[in-house]
Undergrad: 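Next up is a structure, given as structure tokens.
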Amino acid sequence: MNAMDPRPLYARAAAQIASLIATVRPEQLDGVTPCAEFDVRLLLSHLVGGARRIAVIGAGGDGLAVRPFADGVPDDGWGAAYDEAGEQVRVAWADDARLDAAVRVPWGEVPGRIALAGYVMEAVTHTWDLSEALGRPLELDPELAEFALTIATRVLPDEGREDPGLPFGAVVPAPEGADAYGRLAAWTGRGPLVTA
């Protein structure tokens with residue numbers, strides 16, 4: 001995994017999120033999501049805040065000083081806010097040297113490429129959350145889910161999830177015939193809101 005460049009995957013994940021955000025209707029903002037503590041509005045806030053955080057990390061700043069939620073975004077401004085944060089990520093990670101630079105993320109100090117791969121996993125997981133909350137308006141990229149699932153199974157062991165500070169619940173059984181998104185959701189302790 002050390003030689004891997006996660007920037008193209010992050011760009012694809014960000015484009016997929018932007019496409020999903022574009023489908024959000026005002027009446028959906030207060031809707032529930034599979035991430036129990038988030039409604040759709042708060043999930044959008046977290047997606048924007050997470051992108052801002054990884055942008056600061058990529059630029060060599062202290063990402064942990066960046067709140068992982070975006071405040072003050074109007075209900076009709078989530079798409080623009082996410083696009084702006086995505087551009088910040090692209091610029092911050094443009095230099096190849098950032099991939100091997102040591103950076104600090106919530107789970108420790110790691111090379112940039114490992115940090116960005118972790119944020120791909122988080123973004124793709126929350127993409128599934130948003131898609132479920134919106135009633136699955138778009139077909140999601142299965143390769144992104146396979147990548148995110150690979151990362152999740154490496155960095156999120158099945159045991160030890162009872163820590164209330166951990167943002168992932170206990171592994172739940174994946175539905176029979178679940179695709180990579182369904183397996184990723186199950187591994188991160190989520191269940192679907194919408195039946196196929």
Undergrad: Determine, using the 4.5 Å side-chain heavy-atom cutoff (strictly less than), whether Val120 and Val105 are members of one ILVMFWY cluster.
TA: yes

Undergrad: When clusters are formed by joining ILVMFWY residues with side-chain heavy atoms under 4.5 Å apart, either directly or through shared neighbours, do Ile54 and Val66 land in the same one?
TA: no

Undergrad: Between Arg41 and Trp78, is any pair of side-chain heavy atoms under 4.5 Å apart?
TA: yes

Undergrad: Nearest heavy-atom pair of Leu134 and Leu20: which atoms, and what distance?
TA: CD1-O, 3.8 Å

Undergrad: Closest approach of His126 and Asp129, non-hydrogen atoms and distance?
TA: ND1-OD2, 2.9 Å

Undergrad: Do the side chain of Arg190 and the main chain of Thr188 share a donor and acceptor less than 3.5 angstrom apart?
TA: yes

Undergrad: Using a 4.5 Å cut-off on heavy atoms from C-beta on, say whether the side chain of Leu44 contacts that of Leu29.
TA: yes

Undergrad: For His46 and Phe38, take the angle between the two ring planes, folded into 0 to 90°, and tell me which bin it lands in: parallel under 30, tilted 30 to 60, perpendicular over 60.
TA: tilted

Undergrad: Measuring from Asp39:CG to Ser45:OG, what's the distance to the nearest 0.5 Å?
TA: 9.5 Å

Undergrad: Could you walk me through whether Leu184 and Trp128 pass the side-chain contact (heavy atoms from CB on, under 4.5 Å) check?
TA: CA-CA 9 Å; Leu184 174 64; Trp128 184 85; 5.7 Å; no

Undergrad: Nearest 0.5 Å, please: how far is CG in Leu42 from CG in Asp30?
TA: 11.0 Å

Undergrad: So, Asp100 and Arg113, do they make that salt bridge, N to O below 4.0 Å?
TA: yes

Undergrad: Would you compute the distance between atom CD1 of Ile57 and atom CH2 of Trp93 and round it to the nearest 0.5 angstrom?
TA: 7.0 Å

Undergrad: Any heavy-atom pair between the side chains of Asp96 and Arg7 that's under 4.5 Å?
TA: yes

Undergrad: Give me the atom names and distance for the closest heavy-atom approach of Ser131 to Pro137.
TA: O-CD, 3.8 Å

Undergrad: Please report the shortest heavy-atom distance between Tyr82 and Ala51, naming the atom on each side.
TA: CE1-CB, 4.2 Å

Undergrad: Asp141: what forms a side chain to side chain donor-acceptor pair (under 3.5 Å) with it, not counting sequence neighbours?
TA: Arg12

Undergrad: How far apart are the closest heavy atoms of Met121 and Ala148, and which atoms are they?
TA: CG-O, 3.5 Å

Undergrad: CZ/Arg53 to CG/Leu64 distance, rounded to the nearest 0.5 angstrom?
TA: 5.5 Å

Undergrad: Do Phe147 and Val124 come within less than 4.5 Å of each other through their side chains, counting heavy atoms only?
TA: no

Undergrad: Hey, is CD on Glu27 packed in by over 12 heavy atoms from elsewhere, all under 6.0 Å?
TA: yes

Undergrad: Rounded at 0.5 Å granularity, tell me how far CH2 in Trp187 sits from CG in Leu156.
TA: 8.0 Å

Undergrad: Nearest 0.5 Å, what's the CG-CE distance between Leu116 and Met4?
TA: 8.0 Å

Undergrad: For the pair Arg98 and Val103, evaluate side-chain contact (heavy atoms from CB on, under 4.5 Å) and give the outcome as yes or no after the intermediate values.
TA: CA-CA 9 Å; Arg98 296 304 305 153; Val103 300; 3.6 Å; yes

Undergrad: Is the count of non-hydrogen atoms from other residues, nucleotides or ligands lying under 6.0 Å from Glu143 atom CD greater than 12?
TA: no

Undergrad: Answer with yes or no whether the hydrophobic clustering places Val91 together with Val56; edges join I, L, V, M, F, W, Y residues whose side-chain heavy atoms lie under 4.5 Å apart.
TA: no

Undergrad: Tell me the closest heavy-atom pair linking Ala92 and Ala55, and the distance in Å.
TA: CB-O, 3.1 Å

Undergrad: Do Leu130 and Thr33 have side-chain heavy atoms sitting under 4.5 Å apart?
TA: no

